[in-house]
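As structure tokens, the structure follows; a few thoughts come after it.
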Amino acid sequence: MTKYFELQETPELKYAPRIGSLFGKFDIRNIRLDKYHLLPERQVFFIEPSEQGIFTDIILSPFLMISPMVLEVIRKYREVCFCREVILVNQQQRRSQLYFLPVLDETGELQAVGKEYSHGTCMSRPERQQGECVTVDKNIFWIRDSFRRHTIISLDMAESLIRRDVFGLGLREVELYRKTQERSAWR
């Protein structure tokens, strides 16, 4: 069975660029496969001034942004991933950085449940989980729940990113469960 990981916050992301204001410039609701064509090809954002700001390879907030190196890894796995360019500008440091806003396959039919470990041993399946454990034939995708979007990657992709020393990569092992009993394209 394939292992999966959810992208998580890391201590480095505390210093990652923070976009100043999105109001009137960008509609986050369009970050979906059926609406990505509404997103501008290239968007420039000014980030909040910070002396300790670091351009990480992965930014999770307010939406997923990845460096060109991370995009290269995703493309090596031939995953469905449409992208828009995002340029982040730090006026205080007079620096800018190119990122990509990926638009990935997304499902609301699955649930990612974090695996808990105690003294190096994996705990049993969480009690609140009722659906069947599933394997997905994808290396990167989104799972949507009522609160937010979770970016899930396979063990193979996680290892590829780690080998390239991706800065700001936080991982939490998860198991995927089907929310409904009906079959779908997400196997």
Side-chain angles (χ1 to χ4, degrees), residues 4-106 108 112 114 138-154 157-172 174:
Y4 298 97
F5 297 87
E6 179 181 1
L7 295 184
Q8 294 284 298
E9 290 282 334
T10 63
E12 297 87 29
L13 290 181
K14 179 169 62 170
Y15 302 108
R18 303 264 184 239
I19 295 175
S21 174
L22 290 174
F23 184 73
K25 295 180 185 178
F26 198 77
D27 191 351
I28 293 177
R29 295 174 294 186
N30 291 335
I31 305 175
R32 303 170 17 164
L33 281 178
D34 62 341
K35 292 190 175 188
Y36 91 96
H37 64 279
L38 299 172
L39 296 171
E41 292 284 331
R42 178 177 293 140
Q43 182 72 45
V44 176
F45 290 113
F46 293 99
I47 60 175
E48 294 175 359
S50 172
E51 290 292 329
Q52 298 176 343
I54 301 170
F55 286 111
T56 57
D57 288 308
I58 295 175
I59 299 174
L60 298 177
S61 179
F63 46 84
L64 179 64
M65 290 178 275
I66 57 176
S67 70
M69 177 176 44
V70 175
L71 179 60
E72 180 183 317
V73 171
I74 292 171
R75 287 190 172 151
K76 284 183 189 253
Y77 283 89
R78 296 191 174 132
E79 292 294 331
V80 173
C81 176
F82 298 100
C83 293
R84 295 297 194 225
E85 291 183 0
V86 175
I87 299 170
L88 300 182
V89 178
N90 184 333
Q91 290 179 309
Q92 184 177 5
Q93 295 179 354
R94 294 190 171 123
R95 293 181 55 208
S96 64
Q97 183 72 36
L98 172 67
Y99 283 92
F100 292 94
L101 187 163
V103 181
L104 306 168
D105 278 337
E106 181 174 26
K138 297 184 183 303
N139 289 294
I140 184 167
F141 57 95
W142 284 328
I143 293 179
R144 175 186 12 82
D145 64 22
S146 57
F147 300 108
R148 67 186 193 98
R149 180 181 280 160
H150 305 270
T151 304
I152 307 298
I153 65 174
S154 68
M157 184 169 283
E159 288 175 342
S160 294
L161 294 170
I162 291 168
R163 270 189 247 117
R164 287 168 178 80
D165 293 324
V166 169
F167 190 65
L169 176 66
L171 300 172
R172 176 179 75 134
V174 295

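Nothing here was measured: the structure is a model prediction, and the numbers come from that model.
The two residues I59 and P17 come nearest to each other via the heavy atoms CD1-CD, 3.8 Å. When all heavy atoms are compared, the tightest approach of S154 to K138 is CB-O, 4.3 Å. Across all non-hydrogen atoms, the minimal contact from I19 to E48 is O-OE2, 4.0 Å. The two residues L104 and L33 come nearest to each other via the heavy atoms O-CG, 3.7 Å. Residues R172 and G114 come closest through the heavy atom pair NH1-CA, 3.6 Å. Nearest approach of V174 to E6, heavy atoms of both residues: CG1-CB, 4.0 Å.
For the atom pair OG1 of T151 and CD1 of I143, the computed distance is 10.0 Å after rounding to the nearest 0.5 Å. Rounding to the nearest 0.5 Å places CD of Q97 at 10.0 Å from CD1 of I47. Going from atom CD1 of I153 over to atom CG of L169 covers 6.0 Å, rounded to the nearest 0.5 Å. For the atom pair CD (Q43) and CG (L101), the distance works out to 9.5 Å, reported to the nearest 0.5 Å. Between atom CG of residue L64 and atom CD1 of residue I58 there is a gap of 7.5 Å, rounded to the nearest 0.5 Å. For the atom pair CH2 of W142 and CD1 of I31, the computed distance is 6.5 Å after rounding to the nearest 0.5 Å.
In this view, K14 satisfies the side chain to side chain contact (heavy atoms under 4.5 Å, CB included) rule with no residue, not counting sequence neighbours. By the side-chain hydrogen bond (donor to acceptor under 3.5 Å, both in side chains) test, E79 pairs with N139, sequence neighbours left out.
Counting only heavy atoms from C-beta outward, the side chains of T10 and T56 never approach each other to under 4.5 Å. Side-chain contact between I66 and I74: present, with at least one pair of heavy atoms (C-beta onward) separated by less than 4.5 Å. Here the side chains of L71 and C81 are in contact, with some heavy-atom distance below 4.5 Å. Between H150 and D145 there is a side-chain heavy-atom pair separated by less than 4.5 Å. By the 4.5 Å heavy-atom criterion applied to side chains, L39 and V103 are counted as neighbours.
Using a cut-off of 4.0 Å between Lys/Arg side-chain N and Asp/Glu carboxylate O, R144 and E106 are scored as salt-bridged.
For the ring pair (Phe, Tyr, Trp, His ring centres under 6.0 Å) condition, the pairs that include at least one residue of residues 72-106, sequence neighbours left out, are Y36-F82. Counting only residues at least two apart or on different chains, the salt bridge (Lys or Arg N to Asp or Glu O under 4.0 Å) pairs with a member in residues 33-46 are R32-D34, E41-R84, R42-E85. A salt bridge (Lys or Arg N to Asp or Glu O under 4.0 Å) check over residues 158-171, counting only residues at least two apart or in different chains, returns nothing. Pairs passing the ring pair (Phe, Tyr, Trp, His ring centres under 6.0 Å) check and including a residue from residues 37-56, sequence neighbours excluded, read F26-F45.
For R148, the CZ atom counts as densely surrounded, since its 6.0 Å shell holds more than 12 non-hydrogen atoms of other residues, nucleotides or ligands.
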